[in-house]
Amino acid sequence: MYRLACVHCAATYPADQIVYTCSRCGHLLAVQYELDTIAIDRSRWHRRPLSVWRYRELLPVKREPVTLQEGGTPLYHLKRLGEELGLPHLYAKHEGMNPSGSFKDRGMTVGVSMALELGMSQVACASTGNTSASLSQYAAKAGIPAIVLLPAGKVALGKIAQALMHGAKVISIRGNFDRALEMVHELCISHGIYLLNSVNPFRLEGQKTIGYEVVDQLEGVPDRFVLPVGNAGNISAVHKGLNELRTLGLIDTLPMMTGVQASGSAPIVRAVHEELPEVIPEKNPETVATAIRIGAPVNAEKALVAIRATGGTATSVSDDEILRMQRDLARMEGIGVEPASAASVAGIRRLVEEGQIDRDERIVCVVTGHLLKDPETVIAQCAPPCEIDADISLLLSALSS
Ligand SMILES: *Cc1c(COP(=O)(O)O)cnc(C)c1O
Ligand SMILES: [Zn+2]
């Protein structure tokens, strides 16, 4: 049993009402379970495969879910990078290993399942790329049409390829992501289309399972959870999920929630450092990490609570620091991620340099999307292959040069 509760005022809404923000005060909603009526049998969880649906007692979906077997992603110990940084317990949760190549799939399996459960026959989102790739894929699986709005010229190639191939109606808006989101929100309200941006509280329910999987994989709670922050949905989701585990008595502590933004797009970092009650939107966000190129984070209110309530922090990193960490993860650890994903680990490098990290901490960085999402940024950083005639002596001299 659950209802939707406003995170700001006391208003609540029934589970089956299609509502994205509080009609009384305009703030965000969250799924609120009657946790004292939910019995969790951990050994039953452990008999199910590591995946989003292992945790179905803490998810809102009652029907057979629309699933592509999302979640169950690897948690890698970053041995060589950790040695370099002086952090023996540094881990990366590789969310690029999901069906569409990003953590968005965890939200979409729940969000698209809820669309069907609520009787909706069309879905839509605005996206910096990965949300559209994921929604297109899950709408295809569900057999319903999807509409996606993208900021023109600012979406990585692999993500557009996915949205197009899976059959979404793809519209490029001459404007930034924040504007595209306003437009799709308006379209969904006026035309009865189901909105699957992270303002949708059900999507975050799926994403919270990143935290559950980490607790199962580490057999305990890490000291710190580090996420790249765009719309701030994911950091909020992981915090909400772990908070529920604590209320249920399944864990005793919460990790320090730590958000990392690109320096050209860092309204949350600013709000944390200046102790502002709310974020001041960045009008012209800019960064090579297009997945976090967001100036007005929709879930800022939830994210600030997550960071402040757990003694966490936020930091920003330059595009150069992001790209350097993308290369380091690729070359030192064999982990291929897109630029936004490298931001979490780059943020840890920055915090270590600033002396803000205890070296004994057990730290989990979420790396959010796969290397192949953004091949153009990769190619631009690497020397092209050396082309030779098909001759063995030329091969040998090419290898020795
Ligand atoms: C969506 C996304 C983010 C940002 O997540 P938010 O929930 O918007 O903060 C970070 N990295 C990648 C690869 C993403 O696709
Ligand atoms: Zn309210």
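This chain uses plain numbering: 1 for the first residue, then up along the sequence. Counting starts at 1 for both ligands and their atoms, in listed order. What you are looking at is a predicted structure, and each value in this text was computed from that prediction instead of being measured.
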Counting only heavy atoms closer than 4.0 Å, does ligand 1 sit against the backbone of I235, its side chain, both, or neither? neither
R324: salt bridge (charged side-chain N to carboxylate O under 4.0 Å, His left out) partners, not counting sequence neighbours: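 R324 satisfies salt bridge (charged side-chain N to carboxylate O under 4.0 Å, His left out) with D328 once adjacent residues are dropped.
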With heavy atoms of V229 as the reference, note each atom of ligand 1 found under 4.0 Å away.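 Taking each heavy atom of V229 in turn, ligand 1 has 9 (O) under 4.0 Å.
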Please list, in number order, the atoms of ligand 1 under 4.0 Å from a heavy atom of A340.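 The list of qualifying atoms is 11 (N).
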So, regarding [X] and ligand 1 (criterion: nitrogen or oxygen to nitrogen or oxygen, under 3.5 Å), is there a contact or not?
| X | value |
| --- | --- |
| S102 | no |
| T368 | yes |
| A232 | yes |
| G233 | yes |

May I ask you to say whether [X] pairs ionically with [Y], meaning some side-chain N is under 4.0 Å from a carboxylate O?
| X | Y | answer |
| --- | --- | --- |
| E213 | R48 | no |
| R3 | E34 | no |
| E321 | R349 | no |
| K79 | E333 | no |
| K154 | E286 | yes |
| R106 | E70 | no |
| R80 | E84 | no |

Pairwise side-chain contact, K208 with V238, heavy-atom cut-off 4.5 Å (strictly under):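 Contact flag for K208/V238 side chains = no.
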When E95 is tested against each of T73, T368, N234 for side chain to side chain donor-acceptor pair (under 3.5 Å), which residue passes? T73
Look up atom NE2 in H46 and atom CG in D41, then write down how far apart they are to the nearest 0.5 Å. 10.0 Å
[atom]: which protein heavy atom is closest, and how many Å away?
| atom | answer |
| --- | --- |
| atom 5 (O) of ligand 1 | F103 CZ, 3.4 Å |
| atom 4 (C) of ligand 1 | G230 N, 3.7 Å |
| atom 14 (C) of ligand 1 | K104 NZ, 2.9 Å |
| atom 8 (O) of ligand 1 | N231 N, 2.7 Å |
| atom 7 (O) of ligand 1 | N234 N, 2.8 Å |

Using a distance threshold of 2.8 Å, what protein N/O/S atoms lie below it relative to the Zn ion (ligand 2)?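 Under 2.8 Å from the Zn ion (ligand 2) - ignoring waters, which are not counted - the protein N, O or S atoms are C6 SG, C9 SG, C22 SG, C25 SG.
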Going through the checks in order, is the side chain to side chain contact (heavy atoms under 4.5 Å, CB included) test met by Y33 and E205? CA-CA 11 Å; Y33 301 91; E205 292 302 296; 2.5 Å; yes
